[in-house]
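Comments concern the structure below.
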Amino acid sequence: MGRLRYTISRLLQSIPVIVGVITITFLLTDAIPGDPVQIMLGPSPSAQQAEAIRAKFGLDQPLHVRYFNYLFDVVRLDLGTSLYYGVPVTQKIAERLPVTLYLLLSSFTFALLTAVPLGIISAKRRNKPTDHISRVVALFGVSTPSFWIGLMLIIVFSFWLDIFPATNLILPWESPANVDGAANQLGVIAKSIHHLILPTITLGTLQMAAFTRIERSSMLEVLGEEYVKLARAYGVSETKIVRKHAFRNAQLPLITLVGLQLTGALGGAVLTETVFSINGMGRLIITAIQNQDFQLVMGTTLVFGLVFVIGVILTDLSYAYVDPRVSFDGSE
Amino acid sequence: MNMSNATNRTDADESGPEQPEARVGLRYTLSQVKRDPTALAGLAVIAFMTLVAFIAFVDGVLFDFLSDFTFFANLGIEQYLLANTFWVNPVVDGTGQILRPPVYMTNQLYPDQPGTWAHPLGTDHRGRDVLIRLFYGTRIAITVGIVATGIAMVLGMLVGAVAGYYGGWIDDALMRGSETLYAIPFLILVIAFMTAFGRNLTFAMIGVGIATIPTFARLIRSRVLSVREEDYIEAARAAGVRDRDIILRHVIPNSFAPILVQATLQVGVNILIIAGLSFLGYGAQPPTPSWGQMLSNSRQYMLPNPWFSIWPGIAILITVVGFNLIGDGLRDALDPRINN
């Protein structure tokens with residue numbers, strides 16, 4: 001019960017943040033020069049046409065009225081209609097969000113699966129060649145622009161070696177009838193993973209490097225703790241120390257970082273989607289900003305904010321599984 | 001987090017009460033950095049890149065200066081400058097062959113247009129020398145990275161110090177505000193900001209600066225919270241020193257070391273963010289050369305001319321590695337846990 005109450009109270013606490021996200025986006029989109037109606041109707045719309053559109057979207061109202069109207073709409077889960085696409089914003093987001101989440105999930109999985117072992121090995125063999133190599137890899141990983149990694153991967157693996165495709169991401173839930181060479185749903189999933197490998201590495205390298213660094217340093221810290229020294233003194237093997245005593249405690253800083261990296265990864269998804277021509281949230285929001293599709297800009301940013309907030313709450317919840325000292329009943 | 005505190009405490013117990021104080025001074029930091037090969041390597045990289053940026057700066061000024069005088073123009077010096085490889089302002093359209101490959105490329109691939117030493121890294125889609133555009137890109141990247149960090153640092157220090165020092169509702173309001181900024185991905189926040197106010201480098205710097213305020217605000221706030229209860233702050237307050245002076249003279253200087261580490265690392269991060277912005281078309285506007293924009297241009301020619309995509313990325317990589325090495329070196333020097 002404690003966990004549920006904690007989650008609800010955290011969600012309530014994040015309401016100001018969400019309202020803040022809406023406010024910032026609202027003011028920014030309002031400050032964008034130019035007339036969205038003109039962009040929608042073309043260079044020379046008739047005055048009546050323009051007025052009709054303005055009235056339909058409430059653009060004839062003053063700023064504060066529009067702002068509060070929007071807030072009330074959000075509470076009713078109505079994000080308005082996209083000016084550019086002419087469909088509800090929620091529909092557009094429902095189309096694109098799964099794509100971006102799919103990409104994020106796979107790149108975080110990739111990052112964690114490589115970073116945790118790399119960080120542990122690095123810490124166990126401190127100042128040995130393995131450690132040096134893994135530190136250099138991590139240093140270069142946090143210093144390389146993700147989109148450039150994408151370009152290099154495309155040149156090598158798509159153009160030269162022709163192993164992995166560079167465009168046309170296939171989604172695992174697409175129907176086999178629409179996918180070339182896939183007999184059934186399993187075939188679609190296999191094809192999808194094949195397509196996802198390059199974008200995953202592109203987006204995941206930065207996270208992988210950041211995670212490796214924190215895993216190494218927190219593992220080093222834990223391995224220097226008194227109880228580890230004691231275990232060593234009792235003759236417990238190094239492998240067992242890492243697996244049974246140090247591993248869990250060393251994961252706390254990593255978990256915090258996973259939550260915080262989410263916002264950076266969402267930004268990185270914009271670049272990755274651009275490089276690999278993936279129609280996800282990132283490209284949606286860029287075109288929305290360019291088209292001054294203000295309803296869509298607001299809606300997508302709001303969803304990004306929500307994804308981040310939920311990510312951080314999930315992070316906090318996962319603390320409890322790792323660290324038995326954390327409880328959610330009142331004080332810690 | 002609990003564990004790190006525990007380690008700190010045992011450190012202090014073992015080394016006596018004076019030791020931690022001596023370990024946070026600027027002079028101590030510098031003496032540690034001097035002994036640290038990683039920090040020195042980073043410094044060397046950044047010194048080199050700054051030199052390159054400076055050469056590009058002088059080249060640009062010289063070009064503008066010389067072409068302003070009709071005397072030199074009559075001498076045909078402008079033509080000379082345009083024809084010569086090194087002193088060519090990359091802003092001006094090149095006169096070389098379009099998409100000439102770099103000097104290391106084999107002639108088999110491009111039999112009619114081999115790479116030459118006149119353009120060691122080849123020319124771009126408008127015949128401009130890639131190496132010189134890289135030089136100019138260095139100037140922009142380093143300037144923009146440092147200025148954006150400076151903006152974030154000053155504003156973040158202000159926000160964090162005020163929030164931490166006063167506490168209460170001011171703290172709540174400021175921290176909720178900085179959480180909000182953090183909840184919107186940097187890149188999207190900056191792109192919206194630039195669309196609203198101006199699509200050029202100035203607003204890219206301001207936008208990135210504002211978007212990264214939370215990083216510094218949080219850092220300073222946590223420092224202030226720990227410093228606030230120290231005896232000397234108590235003494236200053238008792239002596240009637242004003243809050244503003246306490247923050248500026250005591251709290252901020254005492255938090256200098258971790259800010260320096262964060263700022264150095266942030267310059268690298270900002271260079272990456274701004275390269276990403278330029279890649280999407282939201283950075284330096286053409287014809288001003290920037291690394292991100294060069295990469296963006298190269299996308300159209302990637303299949304036949306892959307070399308075009310390689311070098312700007314390596315330039316970004318080297319510069320950011322440089323800043324990260326310095327930042328890591330500083331942190332190691334300042335973190336007593338790693339020293340023992």
Side-chain angles (χ1 to χ4, degrees), chain A residues 14 16-21 23-25 28-33 139-140 142-149 151-152 154-155 159-160 206 217 220-222 224-226 249 252-253 256 260 263-271 274-275 282 285-286 289-290 292 297 300-301 304-305 308-309 325, chain B residues 1-4 6-7 10 38 172-173 176-177 179-197 265 268-269 271-273 275-276 279-280 282 291-292 295-296 298-299 302-303 306 309-310 312-314 316-325 328 337-338 340:
Chain A
S14 53
V17 173
I18 293 300
V19 174
V21 169
T23 313
I24 291 177
T25 335
L28 274 180
T29 33
D30 191 71
I32 292 177
L139 174 68
F140 277 65
V142 292
S143 311
T144 318
S146 62
F147 58 93
W148 182 67
I149 297 180
L151 295 180
M152 292 299 110
I154 290 178
I155 289 176
F159 292 166
W160 291 353
L206 176 68
S217 68
L220 275 179
E221 200 175 291
V222 173
E225 291 284 332
E226 296 295 326
N249 288 324
L252 291 177
T256 314
L260 290 176
T263 176
L266 285 172
V270 177
L271 291 164
T274 307
V275 171
I285 195 166
I286 298 285
I289 292 173
Q290 279 161 358
Q292 282 194 42
V297 176
T300 38
T301 325
F304 272 147
F308 176 66
V309 165
R325 285 170 301 178
Chain B
M1 287 301 113
N2 295 329
M3 271 160 285
S4 68
T7 328
T10 46
T38 32
D172 280 343
R176 279 295 112 76
E179 247 173 79
T180 307
L181 274 185
Y182 204 86
I184 309 175
F186 300 134
L187 214 58
I188 286 155
L189 188 62
V190 180
I191 287 175
F193 179 83
M194 287 174 76
T195 318
F197 297 107
L265 296 172
V269 174
I271 290 175
L272 289 179
I273 296 177
F279 182 70
L280 294 171
Y282 290 85
W291 293 335
L295 284 173
S296 171
S298 78
R299 277 187 77 199
M302 219 157 57
L303 185 54
S309 308
I310 293 172
I314 290 183
I316 300 173
L317 175 62
I318 291 174
T319 315
V320 179
V321 162
F323 281 108
N324 279 333
L325 283 175
D328 287 351
R337 268 175 286 148
I338 297 173
N340 16 329

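First the proteins, then the strands, lettered A, B, ... as listed; each starts at 1. If you're wondering where the values come from, they're calculated on a predicted model, not measured in any experiment.
Closest approach of B:R299 to A:T274, counting heavy atoms only: NH2-O, 3.1 Å. What you find for B:P185 and A:G267 is that their closest heavy atoms are CB-N, 3.7 Å.
Aromatic ring pairs are classed by plane angle as parallel below 30°, tilted from 30° to 60° and perpendicular above 60°; the pair A:F147 and B:F279 is parallel.
To the nearest 0.5 angstrom, B:S309 atom OG is 4.0 Å from A:I155 atom CD1.
Residue B:Y182 touches chain A through both its backbone and its side chain, counting heavy-atom pairs closer than 4.5 Å. Of the atoms belonging to B:I271, not a single heavy atom falls under 4.5 Å from chain A. Contacts between A:I24 and chain B at a heavy-atom distance below 4.5 Å involve the side chain alone, from C-beta outward. Heavy atoms of A:L220 lying under 4.5 Å from chain B are absent altogether. Only the side chain of A:I285 comes within contact range of chain B, judged by heavy atoms closer than 4.5 Å.
Chain A forms more heavy-atom pairs under 4.5 Å with one residue of B:T180, B:I191, B:L187, B:V269 than with any other, namely B:T180. Of all the listed residues (B:L325, B:I316, B:T319, B:I310), the one sharing the greatest number of non-hydrogen pairs under 4.5 Å with chain A is B:I310. Across B:I318, B:L272, B:I273, the residue that shares the most heavy-atom pairs under 4.5 angstrom with chain A is B:L272. Annotation: maximal heavy-atom pairing with chain A below 4.5 Å, among B:L189, B:I188, B:I314, occurs at B:I188.
Within the 4.5 Å cutoff, the side chain of A:F304 has no heavy atoms near those of the B:I184 side chain. Using a 4.5 Å cut-off on side-chain heavy atoms (C-beta onward), B:F193 and A:L28 make contact. Contact annotation: the side chain of A:V142 never approaches that of B:L265 to less than 4.5 Å [non-hydrogen atoms, C-beta and beyond].
Checked by atom type and distance alone, the side chain of A:W148 never pairs as donor or acceptor with a backbone atom of B:G292 at under 3.5 Å.
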